[in-house]
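Just below is one structure, and these are the notes that go with it.
FYI, side chains are in, hydrogens and waters are out, and symmetry mates aren't considered; it's all heavy atoms of this structure.
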Amino acid sequence: MPSALPDGEPVPADGALPASALAGAADRPLGFYLHVPYCATRCGYCDFNTYTATELRGTGGVLASRDNYAETLIDEIRLARKVLGDDPRPVRTVFVGGGTPTLLAAGDLVRMLAAVREEFGLAPDAEVTTEANPESVDPAYLAALRAGGFNRISFGMQSARQHVLKVLDRTHTPGRPEACVAEARAAGFDHVNLDLIYGTPGESDDDWAASLDAAIGAGPDHVSAYALIVEEGTQLARRIRRGEVPMTDDDVHADRYLMAENTLSVAGFDWYEVSNWATSEAGRCLHNELYWRGADWWGAGPGAHSHVGGVRWWNVRHPGAYAAALAEGRSPGAGRELLSDEDRRVERILLELRLKEGVPLALLHTQGHAAARRALADGLLRPGPYEEGRAALTLRGRLLADAVVRDLVD
């Protein structure tokens with residue numbers, strides 16, 4: 001089942017934010033994340049806030065149904081308009097994630113996007129993305145999304161090898177994600193991402209090389225590659241604990257990452273965040289950059305997190321409880337926290353260091369500056385950006401990014 005929400009202070013029933021949250025808002029981009037919590041089956045490694053029909057049966061009734069989910073989520077978009085008041089910002093990015101958003105009808109996703117457009121307006125160059133399961137779309141579905149205003153799509157490929165997909169409990173067949181890229185291009189999508197996972201138990205170097213080659217050969221302009229994290233409480237964690245499958249060690253993860261960097265860079269992809277590569281600046285995921293740069297976004301849907309002007313909050317997890325709150329005219333927020341200046345400083349270092357451009361050295365305290373000098377001497381930070389006042393990771397630094405961050409925030 002999904003992991004627990006953090007603790008926090010109560011969210012007001014009307015969702016109101018403190019006045020300080022919108023101070024200077026005009027200088028920050030605004031994005032929307034729309035969470036669709038439904039999946040046909042639960043992947044063995046997943047601890048996201050998602051639910052299968054079996055998991056929902058008897059726990060939410062009609063309120064948890066995906067048949068009327070779009071209308072429920074639109075209610076939260078309208079609540080966002082009330083909470084943000086006369087905030088004049090058009091929305092810069094919209095990202096529909098899950099779960100499997102494409103389990104909903106294409107018309108539902110288009111109506112959700114239309115509600116954002118009607119309530120807030122979209123920037124002329126707005127990026128509008130949805131995640132998609134390769135087995136849940138076809139050419140007609142993709143054409144409907146594109147006609148409805150979506151201009152970027154992200155397919156969960158994970159691997160090109162059947163035995164690896166089986167360990168991950170992925171239901172699509174090898175080759176289908178690559179076909180989806182062609183179908184998306186034919187529908188008019190200029191920007192297409194493929195998600196890959198490396199370090200699955202039983203995956204070999206050859207398997208990973210084949211996945212990289214297949215992804216590149218499909219012709220996306222963006223690839224995300226993530227090390228498998230085995231979360232407690234997942235089916236995969238239980239299988240590893242029982243000795244049914246082995247666990248991949250950190251050295252293997254590092255080797256696979258180096259393979260990804262080499263293969264993708266030779267193919268014309270450039271890294272811009274530790275786990276993300278694009279063929280051009282236009283191909284970058286602008287929505288994720290909002291997160292990494294601490295901008296404002298409203299997360300609508302069960303368990304979705306939001307951040308506006310140093311206030312972070314999160315919704316109740318269960319679709320039934322989420323729908324019930326909105327039906328009663330209440331915010332579905334489960335808790336929130338007001339970030340201090342120190343919290344925001346630490347988060348900037350944590351997130352921006354992952355970006356190719358790095359993080360300003362001016363954010364570091366005395367011990368952090370000393371750590372940055374050591375990291376530079378150890379080949380973990382690039383000399384050029386350092387001389388210009390930024391801490392930016394080398395390739396070796398990317399492999400040790402978590403350790404570098406821990407040192408810099410001290």
Next item on the list: Check step by step if side chain to side chain contact (heavy atoms under 4.5 Å, CB included) holds for Ser331 and Trp313.
Entry: CA-CA 11 Å; Ser331 165; Trp313 70 95; 5.7 Å; no
Checklist line | Verdict with reasoning, Arg92 to Asp125, per salt bridge (charged side-chain N to carboxylate O under 4.0 Å, His left out) | finding: CA-CA 7 Å; Arg92 181 68 185 84; Asp125 57 348; 3.4 Å; yes
Note to self: For Tyr257 and Trp277: C-alpha separation, side-chain torsions, deciding distance, then whether ring pair (Phe, Tyr, Trp, His ring centres under 6.0 Å) applies.
What the structure shows: CA-CA 12 Å; Tyr257 184 87; Trp277 292 258; 5.7 Å; yes
Item checked: From CA spacing to verdict: salt bridge (charged side-chain N to carboxylate O under 4.0 Å, His left out), Asp108, Arg66 -> CA-CA 10 Å; Asp108 285 349; Arg66 73 187 195 209; over 6 Å; no
Next item on the list: Would you sort out whether His222 and Tyr272 count as a side-chain hydrogen bond (donor to acceptor under 3.5 Å, both in side chains), showing the intermediate values?
Entry: CA-CA 11 Å; His222 191 287; Tyr272 68 98; 2.6 Å; yes
Next item on the list: Given salt bridge (charged side-chain N to carboxylate O under 4.0 Å, His left out), test Lys356 with Asp270 step by step and report yes or no.
Entry: CA-CA 10 Å; Lys356 187 173 186 177; Asp270 188 29; 2.8 Å; yes
Next item on the list: Output, in order, the C-alpha distance, side-chain angles, deciding distance and verdict of side chain to side chain contact (heavy atoms under 4.5 Å, CB included) for Arg348 and Arg293.
Entry: CA-CA 7 Å; Arg348 281 196 65 185; Arg293 297 187 187 281; over 6 Å; no
Checklist line | From CA spacing to verdict: salt bridge (charged side-chain N to carboxylate O under 4.0 Å, His left out), Glu183, Arg176 | finding: CA-CA 10 Å; Glu183 292 172 4; Arg176 177 58 193 153; 2.9 Å; yes
Checklist line | Derivation of the side chain to side chain contact (heavy atoms under 4.5 Å, CB included) call for Leu17 and Leu84 | finding: CA-CA 8 Å; Leu17 293 170; Leu84 296 179; 4.1 Å; yes
Notebook entry, point to check: side chain to side chain contact (heavy atoms under 4.5 Å, CB included) between Glu387 and Leu376: does it pass, once the steps are laid out?
Noted result: CA-CA 11 Å; Glu387 292 172 3; Leu376 180 69; over 6 Å; no
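For the pair Pro302 and His35, the tightest heavy-atom approach, listed with the atom from each and the gap, is O-CD2, 3.2 Å. Between Ile77 and Phe120, the closest heavy-atom pair is O-CE1, 3.9 Å. Ile216 approaches Phe269 most closely through the heavy-atom pair CG1-CE1, 4.2 Å. Scanning both residues, Ile153 and Ala132, for their nearest heavy atoms gives CD1-CB, 4.0 Å. The two residues Ser211 and Arg161 make their nearest non-hydrogen contact at OG-N, 4.4 Å. The nearest pair of heavy atoms linking Trp271 to Glu261 is CB-OE1, 4.1 Å.
Cation-pi contact between Arg354 and Trp292: absent, since separation from the ring centre below 6.0 Å together with deviation from the ring axis within 45° is not met.
At distances below 3.5 Å, at least one donor-acceptor pair connects side-chain atoms of Arg185 with backbone N or O atoms of Phe189. A donor-acceptor pair is defined here as one N or O able to donate and one able to accept, closer than 3.5 Å; such a pair exists between the side chain of Ser280 and the backbone of Gly283. No side-chain donor-acceptor contact under 3.5 Å links Arg344 to the backbone of Gly294. Side-chain N or O atoms of Asp213 include none that pairs as donor or acceptor with a backbone N or O of Trp208 at under 3.5 Å. The backbone N or O of Ser275 sits less than 3.5 Å from a side-chain atom of Glu273, completing a donor-acceptor pair. Side-chain atoms of Glu127 come within 3.5 Å of backbone N or O of His287 as a donor-acceptor pair.
The CG atom of Leu351 lies 12.5 Å from the CD atom of Glu289; values are rounded to the nearest 0.5 Å. Atom CG of Leu168 is separated from atom CG of Leu228 by 6.5 Å, given to the nearest 0.5 angstrom. Atoms CG and CD1, from Leu326 and Ile74 in turn, are 11.5 Å apart once rounded to the nearest 0.5 Å. Residue Leu290 holds its CG atom at 8.5 Å from CG of Leu30, rounded to the nearest 0.5 Å. Tyr386 OH to Leu381 CG: the interatomic distance, rounded to the nearest 0.5 Å, is 8.0 Å. Atom CG of Leu400 is separated from atom CG of Asp250 by 10.0 Å, given to the nearest 0.5 angstrom.
Checked by atom type, the side-chain pair Tyr291/His305 shows no donor-acceptor distance below 3.5 Å. Side-chain polar atoms of Thr72 and Asp75 form no donor-acceptor pair below 3.5 angstrom. Ser224 and Asn276 share a side-chain donor-acceptor pair at under 3.5 Å. One side chain, Glu76 or Asn315, offers a donor N or O that lies under 3.5 Å from an acceptor on the other.
Contact check on Arg89 versus Asp296 returns a salt bridge, with a Lys/Arg side-chain nitrogen under 4.0 Å from an Asp/Glu carboxylate oxygen. For the pair Arg111 and Glu118, the salt-bridge criterion is not met [side-chain N within less than 4.0 Å of a carboxylate O]. Between Asp378 and Arg396, no side-chain nitrogen of the basic residue sits less than 4.0 Å from a carboxylate oxygen of the acidic one, so the salt-bridge criterion is not met. The existence of a salt bridge linking Arg152 and Asp190 is excluded, since no basic side-chain nitrogen approaches an acidic carboxylate oxygen closer than 4.0 Å. Between Arg345 and Glu342 there is a salt bridge, since a side-chain N of the basic residue sits under 4.0 Å from a carboxylate O of the acidic one.
Counting only heavy atoms from C-beta outward, the side chains of Leu196 and Val223 approach each other to under 4.5 Å. Residues Leu165 and His172 are in side-chain contact: their nearest non-hydrogen atoms beyond the backbone lie under 4.5 Å apart. Here the side chains of Pro18 and Arg336 are in contact, with some heavy-atom distance below 4.5 Å. The shortest side-chain heavy-atom distance between Pro90 and Leu122 does not fall under the 4.5 Å cut-off. Inter-residue side-chain proximity for Val128 and Thr93 is flagged as unmet; no heavy-atom pair is nearer than 4.5 Å. Side-chain atoms of Gln158 and Thr200, non-hydrogen and from C-beta on, never get closer than 4.5 Å to each other. In this structure the side chain of Asp207 reaches within 4.5 angstrom of the side chain of His163, judged on heavy atoms. In this structure, the side chains of Leu258 and Leu395 come closer than 4.5 Å at one or more pairs of heavy atoms.
Of the listed residues (Leu109, Leu142, Leu113), just one forms a side-chain contact (heavy atoms from CB on, under 4.5 Å) with Thr130, and that residue is Leu109. Results of the salt bridge (charged side-chain N to carboxylate O under 4.0 Å, His left out) test with Glu357 over Arg390, Arg284, Arg382 single out Arg284 as the only residue that passes.
The six-membered or imidazole ring of Tyr69 lies near that of Tyr38, with a centre-to-centre distance under 6.0 Å. Aromatic ring centroids of Tyr33 and Trp297 lie 6.0 Å or more apart.
Atom CD of Glu9 sits in a crowded spot, with more than 12 heavy atoms from other residues, nucleotides or ligands closer than 6.0 Å.
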